[in-house]
Amino acid sequence: MTSRTVHPITSASATIRVPGDKSISHRAAIFGSIATGVTTVEGFLASEDCLNTVRAMRHMGADIAHCGDRLEIRGAGLDGLRESASVVDVGNSGTGIRLLSGLVAGQPFTTTITGDASIRQRPMDRIVQPLSAMGAHISGASGGLHAPLTITGGELRGIAYDSPVASAQVKSATLLAGLYADGDTTVREPSLSRDHTERMLNALGAEVRHDGLSVTVTPRPELTGRPLRVPSDISSAAFFLVAGLLASDARISCVGVGVNPTRTGIVDALRAMGGDIEADAEQMWGAEPVADLRVATSVLRGAEFGGDAIVTMIDELPLLALAASQAQGRTTVRDAAELRVKETDRIEAIVSELRALGIVIEPRPDGFVVDGPQSVRGGSCESHGDHRIAMMCAVAGLIASEPTTINDVDCVNTSFPTFWELLEQL
Ligand code: S3P
């Protein structure tokens with residue numbers, strides 16, 4: 001197990017380009033594979049999670065050449081996939097297993113999908129339910145609750161599905177299956193989750209329409225390959241944005257960051273706390289908005305977060321907890337029970353590791369409460385095998401009074417293999 005030690009910094013000035021967006025990279029690999037013709041992907045995130053999705057698509061017959069941050073996909077077409085000769089292993093990726101399950105639910109063959117120990121504990125009933133209602137035959141461990149999942153697809157019915165959770169993975173799995181159904185498929189969610197699937201499918205020629213919190217896909221579109229450019233991942237940039245706000249005498253720019261409004265909750269939250277964050281050079285890269293984000297050392301104040309905003313910053317809540325510990329007054333996060341079913345129980349992991357570094361924080365069933373500002377002592381902490389917990393601890397280490405050692409950091413490779421190199425720049 002690899003450990004890393006982070007030393008406190010006294011100032012920071014850096015311009016950083018973080019790697020490509022993980023959500024968009026998964027989708028580019030999957031959707032390019034079921035389009036006809038060539039899809040080139042620039043800025044692809046070559047992390048373990050996304051490379052597992054590429055391997056899965058190759059096993060099902062897509063021709064994908066990968067070099068650095070570039071993919072060239074010769075798509076198999078909507079009906080050109082074939083049964084994988086081996087079990088599909090998504091590693092640590094929730095997006096991988098849930099989107100691929102939706103895809104294979106539409107295929108007239110049988111696929112078994114599994115992943116690592118964390119994936120095999122995460123809830124899969126949330127996709128098994130809509131996909132079964134569409135007519136896919138699915139069996140899974142714990143009575144269908146957990147992976148491994150064995151899915152025999154084909155001959156699907158279009159459905160109108162009211163999802164009990166705001167989850168882009170559930171929405172995307174259902175829409176992907178909907179591409180193969182006999183009629184329209186509609187998903188309604190309680191809050192609007194990230195909409196990369198809708199944007200990319202439309203860019204490739206599908207008909208996906210939003211109406212408030214509902215989204216409808218028309219089956220059997222002609223998907224045509226095209227060049228795609230993946231913005232930098234705002235979820236990765238967020239580690240450096242928060243470092244720039246919290247460190248003394250800091251100015252950090254992250255360039256070419258995806259600023260899709262379903263993902264920018266963390267920027268809104270940090271601004272609401274008084275963070276000095278500017279966006280410029282806004283432009284569209286295909287269907288996705290992109291901007292340069294600049295932050296400078298800021299005095300933060302506590303705030304309350306909950307409701308529809310939570311889904312737009314769900315992956316950044318560990319960082320928000322750290323930022324809150326440096327803010328004046330109380331910060332409360334609620335309506336975030338989904339954190340308990342991420343790569344780990346993130347409410348427990350945030351609380352135990354921030355406490356290990358000297359911060360007082362209280363868990364709630366659906367969030368946490370932090371009073372600030374507090375000093376960060378540093379010391380030794382654990383990743384829990386969760387990339388975002390490891391990187392949160394590393395950022396805490398930058399503002400600690402002693403060095404901070406983070407144990408078991410290999411998980412960082414699932415989403416951000418160049419994280420440590422970029423952190424050195426600070
Ligand atoms: C993702 C959706 C979110 C997010 C995950 C990526 C996606 O998960 O937390 O990191 O790419 O669709 P949920 O759909 O479970 O909310």
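When a ligand or atom number is given, it counts from 1 through the structure's own listing order. These numbers were taken from a predicted model, which means no experiment stands behind them.
From the protein, the heavy atom lying nearest to atom 12 (O) of ligand 1 is Arg27 NH2, 2.7 Å. Ranking the protein heavy atoms by distance from atom 14 (O) of ligand 1 puts Ser167 OG, 2.6 Å first. At the top of the distance list for atom 16 (O) of ligand 1, counting protein heavy atoms only, stands Lys342 NZ, 3.3 Å. The protein heavy atom nearest to atom 6 (C) of ligand 1 is Thr95 OG1, 3.3 Å. Among all non-hydrogen protein atoms, the one lying nearest atom 10 (O) of ligand 1 is Asp315 OD2, 2.7 Å.
Below 3.5 Å of separation, one finds no N or O of Glu338 facing any N or O of ligand 1. Note: an N/O pair closer than 3.5 Å links Ser23 and ligand 1 by distance alone.
Looking at residues two or more places apart in sequence or on another chain, you find a ring-ring contact (aromatic ring centres under 6.0 Å, His included) between His66 and Phe44.
Between Asp184 and Arg209 there is a salt bridge, with a side-chain nitrogen of the basic residue lying less than 4.0 Å from a carboxylate oxygen of the acidic one.
One finds the CZ atom of Phe109 at 10.5 Å from the OG1 atom of Thr152 (value rounded to the nearest 0.5 Å).
Donor-acceptor pairing under 3.5 Å is recorded for the side chains of Asp195 and Asn260. No side-chain donor from either of Glu72 and Thr40 sits under 3.5 Å from a side-chain acceptor of the other. Side-chain atoms of Asp49 and Thr414 form no donor-acceptor pair, as typed in the model, at a separation below 3.5 Å.
Counting the atoms of ligand 1 from 1 in the order shown, those under 4.0 Å from a heavy atom of Ile314 are 9 (O). Shown in contact with Ala168 at under 4.0 Å from a heavy atom are these atoms of ligand 1, numbered in order with element: 12 (O), 14 (O).
Among Gln169, Arg98, Lys22, the residue whose heavy atom sits closest to atom 1 (C) of ligand 1 is Gln169.
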Tell me which donor-acceptor pairs under 3.5 Å the side chains of residues 170-181 have, and how far apart each pair is, sequence neighbours excluded?
| from | atom 1 | to | atom 2 | distance (Å) |
| --- | --- | --- | --- | --- |
| Lys171 | NZ | Glu189 | OE2 | 3.0 |
| Lys171 | NZ | Ser193 | O | 3.1 |
| Lys171 | NZ | Ser193 | OG | 3.2 |
| Lys171 | NZ | Arg194 | O | 3.1 |
| Lys171 | NZ | Glu198 | OE2 | 2.7 |
| Ser172 | OG | Arg27 | NH2 | 3.2 |
| Ser172 | OG | Ala168 | O | 2.6 |
| Ser172 | OG | Thr197 | OG1 | 2.6 |
| Thr174 | OG1 | Val170 | O | 2.8 |
| Tyr180 | OH | Leu78 | O | 2.8 |
| Tyr180 | OH | Gln107 | NE2 | 3.2 |

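Residue contacts with ligand 1 do not include Lys171, since none of its heavy atoms lies under 4.0 Å from the ligand.
Closest heavy-atom contact between Ser25 and Gly20: OG-C, 4.4 Å.
Heavy atoms of Arg194 found under 4.0 angstrom from ligand 1 belong exclusively to the side chain.
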